[in-house]
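Letters A, B, ... mirror the listed sequences (proteins, then strands); counts begin at 1. A quick note: this is a predicted structure, and the numbers were derived from the prediction, not measured.
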Amino acid sequence: MLDINWIKANPAAFDTALKGRKNVPFSSSELIALDDARRAVIGEVEEAQAKRNSLSKQIGQAKAQKDEAKAQALLEEVAHLKDVVQTGEAKRKEAEDKLRAALAVLPNIPLDEVPVGADEHDNVEYFGPNGTAAAAAKGRPAKPSFSFKPKEHFETGEAMGQMDFEVAAKLSGARFVVLKSQLARLERAIGQFMLDLHVDAHGYTEVNPPYLVRDEALYGTNQLPKFEEDLFFVPHGESRLALIPTAEVPLTNFVRESILSEAELPMRLTALTPCFRSEAGSAGRDTRGMLRQHQFHKVEMVAITTPDASRDEHEKMLADAEDVLKQLGIHYRVVTLCTGDMGFGAQKTYDLEAWLPGQDTYREISSVSVCGDFQARRMDARYRDKDGKVRHVHTLNGSGVAVGRALIAVMENYQQEDGSVAIPDVLQAYMKGLTSIGGRS
RNA sequence: GGAGAGAUGGCCGAGUGGUCGAAGGCGCACGCCUGGAAAGUGUGUAGGCGGGGAACCGUCUCAAGGGUUCGAAUCCCUUUCUCUCCGCCA
């Protein structure tokens, strides 16, 4: 949610900033008109309320003094104000709702340094705050080379007999997968490893949140009102609950409608949860394999910070996500998303793209975003600063990383010519010491 | 699912129709006391919105929404959530 006062003060900046964004339904002048209408109504209503309150107080005093005649006269004077106040309040509510509804569908303003562009082709590779391509490459796992033609993950998985899309279809339809045996264990190992890493080495608090959430939480993290069709809902009494599309929803909403003390910040939370996405509108994309599923596991990182700290926290969170791929030995690159490719609530987003030799391309495995106070305004999440002033917090979220896609990356990068998959060192402890799975042995 | 109790400021908690945005406490801030601290002590301390350069003024908010009333934290209705007991249950 953007601040209408900021828009009023910077209408040109607003219109320019959102030019690179898709689907911006309102211009600054339309929003300002809505706000002016709202203020006009407020003036009228409050004047009537002030008059009514003062007369009512006088009635109380007159009655206390047993001056019935005066009380009666005042009663007649105040009578007509009742209607004025009531219709005024209704008009006020309408004007406020209109403005809020308009603001709720506006995307966040990208930070100045975000590259302007139309789609993923305009994303820009990122090498760290002061980084160069050469320096970044040094710190990252190298691209593997193969003496044979590397296979895609589903070829390997199906050949092993441990990845089954047909059984999954029988149970649940398209875009589901069944993992079995050692591959199921490997998926679990990857999730455990990543969660442990963020808790033990990166300063996050482990959280096991609910997987079903209410509409209010979804509104706070921008899934509602605009992206309802991406979600799965289950009926619940007269109402409904949504299956979380990401743990960002429960974790970020921890601080909804609260005023934190500055000492509690930064708050860093992480969780390993299933995620559920209807993938409406992505028919035909990534239909082979388990790259794009209705259900997948993900380790999510969320940080709540003061406004001053959010930019540094963004770099830290990116580094935390990168650490996962470094430790797993997966070659990757980082891109800064351009204005046209960024998500609705983000000020700036880095994507981590893992190298998939079977596909001979980089694929997104993590997305790390700083949202500024955009979500905090929607959630009414604030903190009290050192001077006692109440201000909105900043929120960040990032995948650290998607478990299903990490499994794909491990399977493709660690595949052997005999169809087996070597186990990265850091996962062996989670695999009872196994160094490879799926081999003919 | 049945019965009952409850929801008040950053937190705890008092308050059953007018002088209540709300006692008291905790916490926090500033001061006094102290060699320094603790303890003690004094003062201050809700948020949103509107107006104003500011001081400040107005308005709304006591879970949410509606109603009664000139006037509601307080009375009535609906909803949500929490707790206790019973039932069911991994």
Worksheet entry | Quiz item: cation-pi between Arg405(A) and Phe296(A), 6.0 Å / 45° | no
Worksheet item: ring pair (Phe, Tyr, Trp, His ring centres under 6.0 Å) with Phe254(A): which residues, sequence neighbours excluded?
Response: none
Fill in: Below 4.0 Å: OP1/OP2 of C60(B) and any side-chain N or O of Arg52(A)
yes
Fill in: Value in whole Å for how far the C1' atom of G47(B) lies from CZ of Arg377(A)
15 Å
Worksheet item: Side chains of Glu248(A) and Gln375(A): is there a donor and an acceptor less than 3.5 Å apart?
Response: yes
Worksheet item: Say you pick atom C1' in A22(B) and the same atom in C12(B); how far apart are they, in whole Å?
Response: 15 Å
Worksheet entry | Separation of the P atoms in G66(B) and C56(B), to the nearest angstrom | 33 Å
Discussion item. With a 3.5 Å limit on both atom pairs, tell me what G21(B) is paired to, counting Watson-Crick and G-U wobble, or say none.
Written reply: none
Fill in: Interatomic distance, Lys82(A) NZ vs U69(B) C1' [rounded to whole Å]
6 Å
Worksheet item: C57(B) P sits how many Å from Gln49(A) CD, rounded?
Response: 18 Å
Practice prompt. Kindly indicate, with the supporting measurements, whether the criterion side-chain contact (heavy atoms from CB on, under 4.5 Å) is fulfilled by Glu47(A) and Arg52(A).
Written response: CA-CA 9 Å; Glu47(A) 194 183 329; Arg52(A) 179 203 61 191; over 6 Å; no
Fill in: Whole-angstrom distance between U80(B) and U16(B), as gauged at atom C1'
24 Å
Fill in: C1' spacing across the pair C26(B) / U84(B), given as an integer number of angstrom
27 Å
Worksheet entry | side-chain hydrogen bond (donor to acceptor under 3.5 Å, both in side chains): pairs with one or both residues in residues 342-352 of chain A, sequence neighbours excluded | Glu113(A)-Lys348(A), Tyr126(A)-Tyr350(A), Glu315(A)-Tyr350(A), Lys348(A)-Tyr350(A), Thr349(A)-Ser369(A), Asp351(A)-Ser367(A)
Fill in: Value in whole Å for how far the P atom of C11(B) lies from CZ of Arg384(A)
9 Å
Worksheet item: What interatomic distance, in whole Å, is found between P of U82(B) and the corresponding atom of C30(B)?
Response: 39 Å
Discussion item. Strictly by Watson-Crick or wobble contacts shorter than 3.5 Å, is anything paired with A14(B), and which nucleotide is it?
Written reply: none
Worksheet item: Any side-chain N or O of Lys57(A) under 4.0 Å from OP1/OP2 of G18(B)?
Response: no
Discussion item. Whether Asn53(A) contacts G58(B) is assessed here as follows: a side-chain N or O lying under 4.0 Å from the phosphate OP1 or OP2. Is that the case?
Written reply: no
Worksheet item: Rounding to the closest angstrom, what is the interatomic distance between A39(B) and C32(B) at atom C1'?
Response: 14 Å
Practice prompt. Find the distance Leu260(A):CG to G10(B):P and express it as a whole number of Å.
Written response: 12 Å
Fill in: Spacing between Met379(A) atom CE and G47(B) atom P, to the nearest angstrom
19 Å
Worksheet entry | Side-chain touch Leu106(A)/Leu31(A), heavy atoms, less than 4.5 angstrom | yes
Worksheet item: Which nucleotide, in any strand shown, forms a Watson-Crick or G-U wobble pair with U41(B), with both distances under 3.5 Å?
Response: G31(B)
Worksheet item: Mind checking the P distance from C83(B) to G13(B)? Whole angstroms is fine.
Response: 15 Å
Fill in: Residue whose closest nucleotide on RNA chain B lies nearer the 5' end, Arg214(A) versus Ser54(A)
Ser54(A)
Worksheet item: With a cut-off of 6.0 Å (strictly less than), are more than 12 heavy atoms of other residues, nucleotides or ligands near NZ of Lys51(A)?
Response: no
Discussion item. I'd like to compare against my own output: the B/S/- annotation of nucleotides 48-53 of chain B with a strict under-4.0 Å heavy-atom distance to protein.
Written reply: SBSS--
Discussion item. For the P atoms, the ones on U41(B) and on G24(B), what distance do you get once it is rounded to whole angstrom?
Written reply: 15 Å
Response to the item:
Under a 3.5 Å limit on both distances, the Watson-Crick or wobble mate of C83(B) is G4(B)
Response to the item:
Answer for the Watson-Crick or wobble partner of U61(B), both distances under 3.5 Å, is A46(B)
Worksheet, complete the sentence: By nearest-nucleotide position on RNA chain B, the 5'-leaning member of Gln61(A) and His236(A) is Gln61(A)
Item to complete: Mind calculating the distance between CD1 (Ile259(A)) and C1' (U45(B)) to the nearest angstrom?
Response: 13 Å
Discussion item. Whether the Asp323(A) and His202(A) side chains hold a donor-acceptor pair (N or O, under 3.5 Å, no angle test) is what I'd like checked.
Written reply: yes
Worksheet item: Roughly, in whole Å, what's the span from CD in Glu257(A) to P in U61(B)?
Response: 17 Å
Worksheet entry | Side-chain donor-acceptor pair present, Thr270(A), His198(A), cut-off under 3.5 Å | no
